[in-house]
Amino acid sequence: MNSNEELFVQSKKYLPGGVDSPVRAFKPYPFFVKKASGSKIWDVEDNVYTDHCLAYGPLILGHSHSTIVEEVTKQIAIGTVYGAPTENEIKLAKMVIDRVPCAEMVRFVNSGTEATMGAIRLARGFTGKNKIVKFEGAYHGAHDYVLVKSGSGGACLPDSLGIPEDTTKNTLSSPFNNKEKLLKLIEENKNDIAAIIVEPVMGNIGCVEPKDDFLKFLREITSEHDILLIFDEVITGFRLEYGGAQQYFNITPDIVTFGKILGGGFPIGAIAGKKEIMELIAPLGKVYQAGTFNGNPISITGGLTTLKELTPQFYKDLNKKSEKLRNRISDIINDLGLAIKPVGLSSMFQLYFNSEDVFNYDDAKKSDVNKFNDYFHELLKKGIFIPPSQFECCFISSAHTNEDLENLALSIESALRTVF
Ligand SMILES: *Cc1c(COP(=O)(O)O)cnc(C)c1O
């Protein structure tokens, strides 16, 4: 049997950094997964962890939910990709449209990255303008338009090489939750901005909520200046609530992007929005978007099966369970008298190793990442897997039992005692 360490030695020879996506690499070496089920994940050394990374967001039902396994297995037997449309694509589109306020039509793609790339092209095509505004620390995937002051893995690395200035000169950025700076930026670029793209809750620098009606302000300012508002709901979609962040915060954008949960554990992305905008997508309109695996029957079946489980009652239960956990963690931190900040909402949570409240990327960057790293490793020793970065968010799935969550709270308490 190969150990995690041995596998990492091998993987480094063949895969840059030993992994296929940057945040997965942590020191001294990541564990290599053997299998997963429900709330648990096992490594090749048969260590078992309660999983609060949950693949960075998709697994709201936990690993290998039985109905998903059943339905997808049935689908595999009758074809995995057709290059021709299926009825299930209509069914999933209808489910998205029924739930999500701004969604009147949908284009299914393969990842969140593809979704935001397509959405930005669509916004530019629709408005005839080139510039976009994103927020510092927001992560919208790994494509050129948006790798400017990016969160997630980008929060730990310098800006990427290989991206022409000509591409990013049209990407403006502004701090989240700061109305004055955004107003100024819009004023300076008045007639050139196609869209503002925003993660309604910033999930790629930890977990930062909008404050003082910031999303409402975005809706008003964009409407006023003929700018499209894009909600990147790759994390918040089907996570915060039945209708995602739009329902949770009661703000309707023009375009929305999805990924993660929508595929039920299979690769997916989606662009949805108002009909007059979506009708511009090829072959109906002149904004090109295409993909061999777009709307593939496996991911669509994963999504359909998942959304059927995600009823309004499901969110009530999961969010209540999660809130109880967050309160428990807050109490622990208060009792220990630590100057760190527990954050989160719905089934998302994180601790900022920061004595100040975090409202934007600059605030988040002031966190003590070394302490966070110690905390991460302490939790790992106790059989809890969270994302190995201060700049990611932890998740709770319906597969997590009350016992799992109580054990998590106790493990956090014990880890904090060790770290501080
Ligand atoms: C994960 C994520 C993406 C990118 O999705 P991929 O499927 O990894 O390409 C885009 N936006 C947000 C908000 C994300 O969290």
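Indexing begins at 1, ligand by ligand and atom by atom, following the structure's order.
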Check this for me, if you would: do Glu180 and Lys184 make a salt bridge, where the nitrogen-to-carboxylate-oxygen distance has to be below 4.0 angstrom?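 Judged by the 4.0 Å cut-off on N to carboxylate O distance, Glu180 and Lys184 do not form a salt bridge.
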Return the orientation label for the Phe376 and Phe26 ring planes: parallel under 30°, perpendicular over 60°, tilted otherwise. perpendicular
Between Asn47 and Phe385, is a side chain to side chain contact (heavy atoms under 4.5 Å, CB included) present by the stated rule, with each step listed? CA-CA 11 Å; Asn47 298 307; Phe385 178 44; over 6 Å; no
With sequence neighbours left out, what residues match Glu220 under side-chain hydrogen bond (donor to acceptor under 3.5 Å, both in side chains)? none
Heavy-atom check, side chain of Ser322 versus side chain of Phe349, under 4.5 Å: no
Got Leu182 and Ile196 here, is their nearest side-chain heavy-atom distance under 4.5 Å? yes
Can you list every protein residue that has a heavy atom under 4.0 Å from any atom of ligand 1, sorted by chain and residue number?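 Ligand 1 is contacted, at a heavy-atom distance under 4.0 Å, by Ser111, Gly112, Thr113, Tyr139, His140, Gly141, Glu199, Asn204, Asp232, Val234, Ile235, Lys260.
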